[in-house]
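For reference, the structure is listed below as structure tokens.
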Number of protein chains: 2
Amino acid sequence: MPSTLGYALLGLLAREPRTGYELAQALRIPVGYFWSASHSQIYPELARLEADSLVHGRVVPGPGPRDTKRYTISAAGRRALAAWVVMPAELEEARSEELLKTYSLWLADPAAAREMVSGLRDSHREMLSRYERIAAEMEHDGPLDPVTPRFFDYATLRRGLSFERHAIAWCDWLLGALG
Amino acid sequence: MPSTLGYALLGLLAREPRTGYELAQALRIPVGYFWSASHSQIYPELARLEADSLVHGRVVPGPGPRDTKRYTISAAGRRALAAWVVMPAELEEARSEELLKTYSLWLADPAAAREMVSGLRDSHREMLSRYERIAAEMEHDGPLDPVTPRFFDYATLRRGLSFERHAIAWCDWLLGALG
DNA sequence: ATATACATGTAACAAGTTACATGATTTA
DNA sequence: TAAATCATGTAACTTGTTACATGTATAT
């Protein structure tokens with residue numbers, strides 16, 4: 001059974017074949033895709049997926065100077081992924097450093113506390129506008145049919161939009177309360 | 001420099017002295033407090049905090065059969081925590097298995113996909129009503145002054161409430177789109 | 001000349017989870 | 001008498017991050 005990272009890789013490969021390098025690029029910043037990983041984690045995981053015959057790798061001459069291995073998902077990989085995505089998801093564990101800091105904000109200097117929350121709001125605003133740009137592009141690119149991968153890109157993106165908006169509203173409320 | 005868990009423990013001890021056992025209880029389910037940890041992580045971390053003189057432990061006879069060590073935050077610990085909470089927080093890394101599953105939902109059986117999202121909605125509804133009960137209690141318990149620890153309990157709780165409400169709205173939207 | 005992109009891997013470390021270990025007291 | 005609560009610790013394992021290692025081609 002693959003790890004969560006394994007399923008993340010299968011999810012990308014189910015859409016189109018990619019090399020390890022391209023997967024690492026895709027997982028560098030998790031846009032519309034709430035998972036990230038570094039290449040040092042990806043290469044060993046790809047080897048495991050191949051050992052389990054969930055993906056097949058074929059060496060091809062890349063655009064770069066070194067040979068690259070392009071991975072394709074197998075029928076078994078597709079079945080494993082399809083089975084995993086409909087399994088009831090664990091309750092989110094809700095780990096947030098930002099909230100952990102807020103929890104102890106009562107003992108900080110009030111001005112510094114306000115500044116901290118204000119900085120938080122800025123970060124969320126930045127993320128929001130990044131998401132909004134992508135959403136506008138996707139909506140412009142044509143109709144979103146809920147049986148296509150593109151629709152599910154959009155669905156996860158909408159969750160990101162919603163998350164950032166509520167985070168900003170919360171910062172506003174907190175700043176108001178802090179005076 | 002303490003780890004994030006270290007600051008979580010300092011945050012609890014800044015409110016009142018506690019034993020390792022009580023800290024483990026508090027960090028079992030992260031309500032109003034977006035961090036969790038198991039006792040096997042907590043005891044070694046407490047030892048590190050004590051070695052750094054950020055907390056002091058005193059052995060006292062507990063209600064149980066075994067002696068227990070009650071930890072108190074030191075002035076240095078309080079300073080370290082106060083400095084940490086106002087430092088700009090890292091951008092949330094947004095790791096979500098639930099969204100990762102959604103990303104690949106296009107290749108699942110449509111009925112099973114709807115059921116998965118519906119189950120997700122149920123989990124979020126359950127969390128929401130748990131949070132709502134706690135919020136009602138807190139509001140009932142008296143005025144929330146934004147210089148007290150209690151206010152910041154309430155502030156983090158509000159973030160949880162907002163998070164769950166948006167998650168439910170998103171599930172509703174997705175179920176509507178999936179037909 | 002220097003930096004960036006391409007391309008894949010290993011090693012060392014940090015953080016977190018699960019299982020192992022012990023054992024008294026209280027509650028059902 | 002069986003389970004839960006109290007109480008603290010270690011060991012093994014999994015996951016994830018950062019650093020180390022190598023080396024060409026292209027763009028600035």
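Chain identifiers are assigned alphabetically (A, B, ...) following the order of the sequence lines, protein sequences preceding nucleic acid strands; residue numbering begins at 1 within each chain.
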### Task
Report yes if the side chains of B:Leu9 and B:Leu46 come closer than 4.5 Å at any heavy-atom pair, otherwise no.
yes

### Task
Would you mind telling me which residue lines up with the more 5' stretch of DNA chain D, A:Thr4 or A:His39, judged by nearest nucleotide?
A:Thr4

## Note on the structure
Here the distance between atom P of D:dG16 and atom CZ of A:Arg48, to the nearest Å, is 11 Å

### Query
Separation of B:Ile42 atom CD1 from C:dG16 atom P, in whole Å?
11 Å

### Task
Nearest whole angstrom, please: distance from the P of C:dC6 to the CG of A:Asp67.
16 Å

#### Entry: Separation of C:dG16 P from B:Phe34 CZ (nearest whole Å)
17 Å

### Message
Should the side chain of B:Ser40 and the base of C:dT18 be counted as holding a donor-acceptor pair, with the cut-off at 3.5 Å?
### Response
yes

## Note on the structure
Checking D:dT15, D:dT8, D:dG16 against the side chain of A:Leu5 (C-beta onward), the nearest is D:dG16

### Message
Between P on C:dG9 and CD on A:Gln41, what's the gap in Å once rounded to a whole number?
### Response
15 Å

## Note on the structure
When rounded to whole Å, the CZ to C1' distance for the pair A:Arg28 and C:dA7 reads 14 Å

### Query
If we ignore angles and hydrogens, is there a donor and acceptor under 3.5 Å between the side chains of B:Gln25 and B:His39?
no

### Plane angle bin for A:Phe163 and A:His124 - parallel if under 30°, tilted between 30 and 60°, otherwise perpendicular
perpendicular

### Message
Need one value for B:Thr68: base, sugar-phosphate or nothing, where a base atom within 4.0 Å counts as base even if backbone is also close, heavy atoms only.
### Response
sugar-phosphate

### Message
Base, sugar-phosphate or nothing for A:Arg70? Non-hydrogen atoms, less than 4.0 Å.
### Response
nothing

### Query
Are any of B:Arg95's side-chain N or O atoms less than 4.0 Å away from OP1 or OP2 of D:dT17?
yes

### Query
To the nearest angstrom, how far is A:Leu100 atom CG from C:dA15 atom P?
14 Å

### Query
Counting only side-chain N and O atoms of B:Tyr21, is one of them less than 4.0 Å from OP1 or OP2 of D:dC6?
yes

### Message
Within the 3.5 Å criterion, strictly below it, is a donor on A:Tyr7 or B:Glu97 matched to an acceptor on the partner's side chain?
### Response
no

### Task
Using the closest heavy atom to pick a nucleotide of DNA chain D for each, name whichever of B:Tyr43 or A:Ser36 lands nearer the 5' end.
B:Tyr43

### Query
Under a 4.5 Å side-chain heavy-atom rule over Ile, Leu, Val, Met, Phe, Trp and Tyr, are B:Leu49 and B:Val59 clustered together?
no

### Query
Taking CG from B:Leu27 and C1' from C:dG16, how many angstroms apart are they, rounded to a whole number?
13 Å

